[in-house]
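Naming: A, B, ... by sequence-line order, numbering from 1 per chain.
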There are 2 protein chains.
Amino acid sequence: MSVSTKMKELRQKLRENQYKLTPQRQMVLQAFLDHPNRHLSAEDVYSIVRDQSPDIGLATVYRSLELLSEMNLLQKIDFGDGRSRYEVAESGATHHHHHLICLDCGQVKEYDDDLLEGLEASISRKHRFTIVDHEVKFYGYCSQCQAKRDHEG
Amino acid sequence: MSVSTKMKELRQKLRENQYKLTPQRQMVLQAFLDHPNRHLSAEDVYSIVRDQSPDIGLATVYRSLELLSEMNLLQKIDFGDGRSRYEVAESGATHHHHHLICLDCGQVKEYDDDLLEGLEASISRKHRFTIVDHEVKFYGYCSQCQAKRDHEG
DNA sequence: ATTCATGCAAATCGTTTGCACCCAC
DNA sequence: GTGGGTGCAAACGATTTGCATGAAT
């Protein structure tokens with residue numbers, strides 16, 4: 001649970017896959033550790049990392065994000081806003097959280113999911129489809145924006 | 001349920017919103033009626049419509065897709081393959097289907113959803129979030145691709 | 001030393017937009 | 001007739017790629 005746990009995981013997984021441990025890759029992962037509960041886009045990461053290391057290239061950020069996702073250190077998510085976003089992947093394989101996306105302010109809330117595991121099994125059987133992952137998004141209005149809407153009629 | 005039902009709906013909704021009924025808009029909708037159970041991208045529609053009307057512009061297809069979605073005749077979906085896809089929207093407001101996406105061949109199967117309505121209510125209450133829509137995707141392997149994988153080990 | 005990673009700029013791809021002409025109303 | 005719609009080409013924004021240099025092993 002210490003700050004360096006994920007970083008050690010990075011070190012180890014890079015070695016396993018014969019990739020090199022570069023400062024850029026560490027910095028990209030660190031950006032996520034420094035901004036928990038956020039869903040950073042490539043540009044977000046670029047701007048965070050550039051504060052510390054102005055010479056880093058945006059392409060390197062993209063390449064690092066892809067690599068970290070392949071190694072399951074990051075999870076790529078798509079909120080339909082035209083750019084990919086990423087978050088630190090949960091270690092436990094199947095049990096992850098999903099998102100409540102506000103259609104007004106764009107805020108993304110997380111919610112923990114337990115209820116879909118059973119559903120998976122029945123769908124899997126019924127459709128002869130081996131399910132390895134699922135993704136659930138709820139669209140609506142957060143309490144603030146809902147209040148706003150109530151006022152405006 | 002006849003072929004022209006949706007087309008009449010188009011005519012009516014265009015009028016309601018003071019938009020004009022053009023052959024291009026009709027042809028775009030017709031492309032979906034002629035290809036049921038498919039999830040057409042803008043390029044797909046463009047190539048279908050161009051057979052009949054070679055002078056149509058891709059931009060017009062995009063503009064029609066946007067308009068038809070706004071009027072809830074089409075539903076925009078995102079399978080994360082880098083392009084937006086569309087399908088004819090279900091008339092009943094809340095009850096729609098979801099998708100099983102094969103990670104190998106990319107095939108998309110549909111499945112009917114009944115079970116999430118109850119879930120919505122409890123999430124809505126717990127998170128103070130007014131839910132207006134949801135989207136569920138299951139990722140995995142269709143029976144053919146699963147068989148292939150079993151052979152290859 | 002070797003191999004892989006980086007930074008930069010150019011290329012790519014889906015989608016959007018500006019504009020002059022055209023057509024549904 | 002007029003205002004919105006179209007086709008075309010150019011612009012756009014996110015992401016990818018080619019290539020020469022640089023750094024981790």
Side-chain angles (χ1 to χ4, degrees), chain A residues 7 10-31 39-71 73-74 76-86 106, chain B residues 7 10-31 39-71 73-74 76-86 106:
Chain A
M7 209 50 92
L10 172 62
R11 215 173 291 255
Q12 175 201 324
K13 292 201 173 176
L14 286 173
R15 186 156 308 166
E16 272 174 22
N17 295 287
Q18 337 229 44
Y19 294 124
K20 287 175 181 168
L21 178 67
T22 67
Q24 290 89 335
R25 286 168 180 174
Q26 294 178 71
M27 283 174 6
V28 167
L29 177 55
Q30 191 60 47
H39 310 96
L40 303 175
S41 67
E43 282 291 344
D44 292 340
V45 174
Y46 184 45
S47 110
I48 291 170
V49 166
R50 208 161 29 155
D51 286 347
Q52 177 184 345
S53 184
D55 283 345
I56 195 172
L58 179 56
T60 300
V61 171
Y62 273 103
R63 284 187 280 234
S64 301
L65 290 172
E66 194 192 349
L67 188 64
L68 292 169
S69 299
E70 265 172 33
M71 299 190 313
L73 284 163
L74 294 181
K76 192 177 189 171
I77 20 179
D78 179 4
F79 293 147
D81 64 344
R83 74 209 65 200
S84 293
R85 297 181 170 278
Y86 300 81
Chain B
M7 209 48 92
L10 172 62
R11 215 175 291 255
Q12 177 202 322
K13 290 202 175 176
L14 286 173
R15 187 156 309 163
E16 272 174 22
N17 296 79
Q18 337 230 44
Y19 294 125
K20 288 175 182 169
L21 178 67
T22 66
Q24 288 89 338
R25 287 168 181 176
Q26 293 179 71
M27 284 173 8
V28 167
L29 177 55
Q30 191 61 48
H39 308 96
L40 303 175
S41 67
E43 282 291 344
D44 292 339
V45 173
Y46 185 44
S47 109
I48 292 170
V49 166
R50 209 163 26 157
D51 286 347
Q52 177 184 346
S53 184
D55 285 344
I56 195 172
L58 178 55
T60 299
V61 171
Y62 274 104
R63 286 186 280 232
S64 301
L65 290 171
E66 195 193 348
L67 187 64
L68 291 169
S69 300
E70 265 173 32
M71 300 191 310
L73 284 163
L74 294 180
K76 191 176 189 172
I77 19 181
D78 180 6
F79 293 147
D81 63 345
R83 75 210 65 204
S84 293
R85 295 180 171 277
Y86 299 81

What are the atom names and distances for every N/O pair under 3.5 Å that joins the protein to nucleotides 23-25 of chain C?
unit_1	atom_1	unit_2	atom_2	d
C/dA24	O3'	B/Leu21	O	3.3
C/dC25	OP1	B/Leu21	N	3.3

* **Which residues share a side chain to side chain donor-acceptor pair (under 3.5 Å) with B/Gln52, sequence neighbours left out** => none
* Would you check, one step at a time, whether the test side chain to side chain contact (heavy atoms under 4.5 Å, CB included) holds for B/Met71 with B/Leu14? => CA-CA 8 Å; B/Met71 300 191 310; B/Leu14 286 173; 3.8 Å; yes
* **CD on A/Gln26 to CE on A/Met7, rounded to 0.5 Å** => 6.0 Å
* Could you state the interatomic distance from CG (A/Leu67) to CG (A/Leu73), rounded to the nearest 0.5 Å? -> 8.5 Å
* Asked: Expressed in angstrom and rounded to an integer, what is the separation of B/Asp44 atom CG from C/dG14 atom P?
  -> 11 Å
* To do: Please name all residues satisfying side chain to side chain contact (heavy atoms under 4.5 Å, CB included) with A/Thr60, sequence neighbours left out, ordered by chain then number.
  => A/Gln24, A/Ile56, A/Arg63, A/Ser64
* Report which part of the nucleic acid B/Ser41 touches: base, sugar-phosphate, or nothing (heavy-atom distance under 4.0 Å, all strands). => nothing
* Asked: Among all residues two or more places apart in sequence or in another chain, which pass the side chain to side chain donor-acceptor pair (under 3.5 Å) test with A/Ser41?
  -> A/Asp44
* Let me see the working for B/Leu65 and B/Lys76 under side chain to side chain contact (heavy atoms under 4.5 Å, CB included), right down to the final yes or no. => CA-CA 9 Å; B/Leu65 290 171; B/Lys76 191 176 189 172; over 6 Å; no
* Enumerate the residue pairs fulfilling side chain to side chain donor-acceptor pair (under 3.5 Å) with a member in residues 10-19 of chain B, sequence neighbours excluded, ordered by first and then second residue. => B/Gln12-B/Glu16
* Touch check for A/Gln24, heavy atoms < 4.0 angstrom, all strands: base, sugar-phosphate only, or nothing? -> sugar-phosphate
* Structure fact -> Within residues 57-70 of chain A, those residues having any heavy atom closer than 4.0 Å to DNA chain C are A/Gly57, A/Ala59, A/Thr60, A/Arg63
* Quantified as the angle between the terminal helix axes (five pairs each), what is the overall bend of the helix from C/dA1-D/dT25 to C/dC25-D/dG1 to 10 degrees? -> 30°
* Partners meeting side chain to side chain contact (heavy atoms under 4.5 Å, CB included) with B/Ile48 (sequence neighbours left out) -> B/Ala31, B/His35, B/Leu40
* Quick one: does A/Leu68's side chain get under 4.5 Å of A/Arg25's, heavy atoms only? -> no
* Asked: Please give, in whole Å, the distance from C/dG14 P to B/Tyr46 OH?
  -> 13 Å
* To do: Output all residues satisfying side chain to side chain contact (heavy atoms under 4.5 Å, CB included) with A/Asp81, sequence neighbours left out; order by chain, then residue number.
  => A/Phe79, A/Arg83, A/Arg85
* Residues in side chain to side chain contact (heavy atoms under 4.5 Å, CB included) contact with B/Glu66, at least two apart in sequence or another chain -> B/Glu70
* To do: Might you point out which heavy atoms bring A/Tyr46 and A/Gly57 nearest each other, and give the distance in Å?
  => CE1-C, 3.9 Å
* Asked: So where does chain A start and stop touching DNA chain D, 5' to 3', when the test is distance under 4.0 Å to a non-hydrogen atom?
  -> D/dA14 to D/dT25
* Given that B/Arg85 and A/Asp55 both sit by DNA chain C, which one's nearest nucleotide is further toward the 5' end? -> A/Asp55
